[in-house]
Engineer: 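Mind looking over this structure? Questions follow.
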Amino acid sequence: MMRHLLSTADLSRDDALLILDTAEQLAQVSGRSIKKLPTLRGRTVVNLFFEDSTRTRISFEAAAKRLSADVINFSAKGSSVSKGESLKDTALTLQAMGADAVVIRHGASGAPHRLANWVDGSVVNAGDGTHEHPTQALLDAFTMRRRLGDLDGRRVTIVGDVLHSRVARSNVHLLHTLGAEVTLVAPPTLLPVAMGDWPCEVSYDFDAVLSKSDVVMMLRVQHERMNASYFPSAREYSRRYGLDPERLGRMPEEAIVMHPGPMNRGMEIAAEVADCARSTIVEQVTNGVTVRMAVLYLLLSGSEPAIGGNQ
Amino acid sequence: MNAARNQARDDEPRSNGEVVPGGGRPVDGERAVLEAPDINRALTRIAHEILERAKGPEKLLLLGIPTRGTVLARRLADRIEQVEGRPVASGSLDVTMYRDDLRLRPARALGRTDLPKEGVDGRIVVLVDDVLYSGRTVRAALDALNDLGRPTAVRLAVLVDRGHRELPIRADYVGKNLPTSRAETVRVCLAEIDQRDAVLLRGGQR
């Protein structure tokens with residue numbers, strides 16, 4: 001039986017809660033002087049990154065190392081991929097090396113699904129195109145739960161470039177599974193065409209939903225994926241959809257501000273807001289390691305994984 | 001998934017998972033070897049023995065191994081406080097990540113670890129568990145402690161020692177030595193979890 005973490009839509013409520021509860025226990029490890037557990041000794045985790053990433057790759061590397069797994073980092077630049085090797089041949093190479101888990105980031109949506117058919121180990125999606133980024137959604141949910149408690153009935157507003165955002169997609173599914181009410185806010189040009197089956201609300205007016213939000217998650221404006229003009233100017237976008245101190249003031253007292261990073265300060269989020277006490281941006285990075293440890297532990301430690309969809 | 005959550009902690013045929021058939025009531029063929037008053041007396045004696053050997057509660061730290069070890073550690077701590085009039089530190093230590101049989105079964109949920117802020121350095125740590133059998137859980141606990149700090153001494157208190165050790169480990173404080181065959185099952189019920197106190201024995205050829 002092969003089990004992977006490819007999409008948050010595959011996670012049942014029990015699965016998601018098991019990951020978050022496991023992470024809650026593992027969070028203590030980050031506070032110890034010896035930040036290491038022997039659990040995955042002798043297992044090999046390959047980080048297969050076809051797209052640039054700093055925090056996700058480092059976070060997965062730290063998570064695997066804290067569980068004593070051996071980590072092999074593979075980035076497309078400077079590898080045989082630049083000589084024209086296909087994803088399948090790369091997968092077969094990893095398979096031959098005996099990788100127990102492959103953490104993959106790829107520019108093409110669905111690449112992790114393909115990979116899952118070619119290797120015996122567990123595949124963890126670390127972001128595929130504009131499709132999903134499940135561990136980001138899990139760490140976001142974990143951060144919310146630590147700040148706000150149970151997510152049941154909590155109102156989460158996700159603002160910005162939903163069209164290109166795998167973070168938004170993964171969060172919508174996961175937060176819905178966990179009982180939160182999600183509202184997406186974006187200019188019409190930055191929303192996907194077919195959203196009929198998304199379990200969330202959609203709004204074009206940030207100010208209208210601001211005062212009713214327990215969590216405001218800002219998304220990065222992804223310049224590298226902007227091959228058409230989606231909005232008139234950066235200034236106008238920032239005026240209508242940016243989180244500035246004035247908007248922060250209109251949020252409920254307890255509400256928190258999140259951002260998956262990297263940020264465009266002054267564009268979707270003002271520098272003062274990003275650095276304020278209600279912003280969880282730095283916590284999210286710390287929690288990322290913990291949540292990824294939980295995912296690797298649940299997928300790799302036993303004779304068969306405890307979570308994830310069948311492939 | 002549910003399999004992982006309901007997984008008993010040990011590789012041995014010993015039922016201590018969250019879901020127990022029959023709850024605190026004996027199921028078919030089970031007989032009680034210890035009843036509530038026996039458990040009570042055993043814990044009181046162990047509390048005194050721990051105190052006597054440690055010469056006071058100051059440096060003591062009672063760490064229960066989840067799930068039922070945690071309950072027993074809490075009870076021992078309460079009893080020591082009643083005797084001494086001073087509180088004694090207690091907590092729980094989950095050893096799942098240190099087990100040597102992780103790969104033999106599906107991945108399992110973690111138990112709670114609760115340590116006092118001061119940590120374990122310089123303390124006399126008493127590990128508390130319900131049943132001592134192969135000794136593998138205790139080995140895992142010793143490894144876990146090693147990563148947490150350097151206690152002055154580590155001791156072991158168990159409610160039932162049923163024999164059949166697979167490692168050179170013995171308990172310092174034992175509630176009851178219970179000679180068993182490997183075919184038998186020992187089940188410890190505690191009121192906090194199972195609504196009654198009892199040690200139940202089942203199965204095997206007599």
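Keep in mind it's a predicted model, so treat the numbers as computed, not measured. These numbers come from the heavy atoms of this one structure, side chains and all, not from hydrogens, waters or symmetry mates. In the text below, chain A, chain B and the rest are named by the order of the sequence lines, each starting its count at 1.
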Engineer: Any side-chain donor-acceptor pair under 3.5 Å between A:Gln284 and A:Asp140?
Structural biologist: yes
Engineer: Consider only side-chain N and O atoms of B:Tyr133 and B:Asp161, and report whether a donor and an acceptor are under 3.5 Å apart.
Structural biologist: no
Engineer: With no hydrogens and no angle check, do the side chains of A:His133 and A:Arg105 hold a donor and an acceptor under 3.5 Å apart?
Structural biologist: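 Checked: A:His133/A:Arg105 side chains pair up, N/O donor to acceptor below 3.5 Å.
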Engineer: Between A:Lys35 and chain B, which part of the residue has a heavy atom less than 4.5 Å away: side chain, backbone, both or neither?
Structural biologist: neither
Engineer: Under 3.5 Å, is there a donor-acceptor pair linking the side chains of A:Arg41 and A:Ser68?
Structural biologist: no
Engineer: With no hydrogens and no angle check, do the side chains of B:Asn40 and B:Arg79 hold a donor and an acceptor under 3.5 Å apart?
Structural biologist: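 The answer is yes; a qualifying pair exists.
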Engineer: Pick from A:Leu300, A:Leu26, A:Thr39: which one has the most heavy-atom pairs with chain B under 4.5 Å?
Structural biologist: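 Looking at each option in turn, the highest pair count goes to A:Thr39.
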Engineer: When you compare the side chains of A:Glu61 and A:Asn73, does any donor N or O come within less than 3.5 Å of an acceptor on the partner?
Structural biologist: yes
Engineer: Is A:Leu67 in contact with chain B via its backbone, its side chain, both, or neither, using a 4.5 Å heavy-atom distance?
Structural biologist: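 Only the side chain of A:Leu67 comes within 4.5 Å of chain B.
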Engineer: Mind checking whether A:Trp198 and A:His173 have parallel, tilted or perpendicular rings, split at 30° and 60°?
Structural biologist: tilted
Engineer: Heavy atoms only, distances under 4.5 angstrom: which of A:Val29, A:Thr22, A:Ile34 has the most pairs with chain B? Name it, please.
Structural biologist: A:Ile34
Engineer: Which residues, numbered in order, of residues 142-150 of chain A come under 4.5 angstrom of chain B by heavy-atom distance?
Structural biologist: none
Engineer: Need one label for B:Leu115: side chain, backbone, both or neither, based on atoms under 4.5 Å from any heavy atom in chain A.
Structural biologist: neither
Engineer: Does a donor on one side chain sit under 3.5 Å from an acceptor on the other, for A:Thr135 and A:Arg292?
Structural biologist: yes
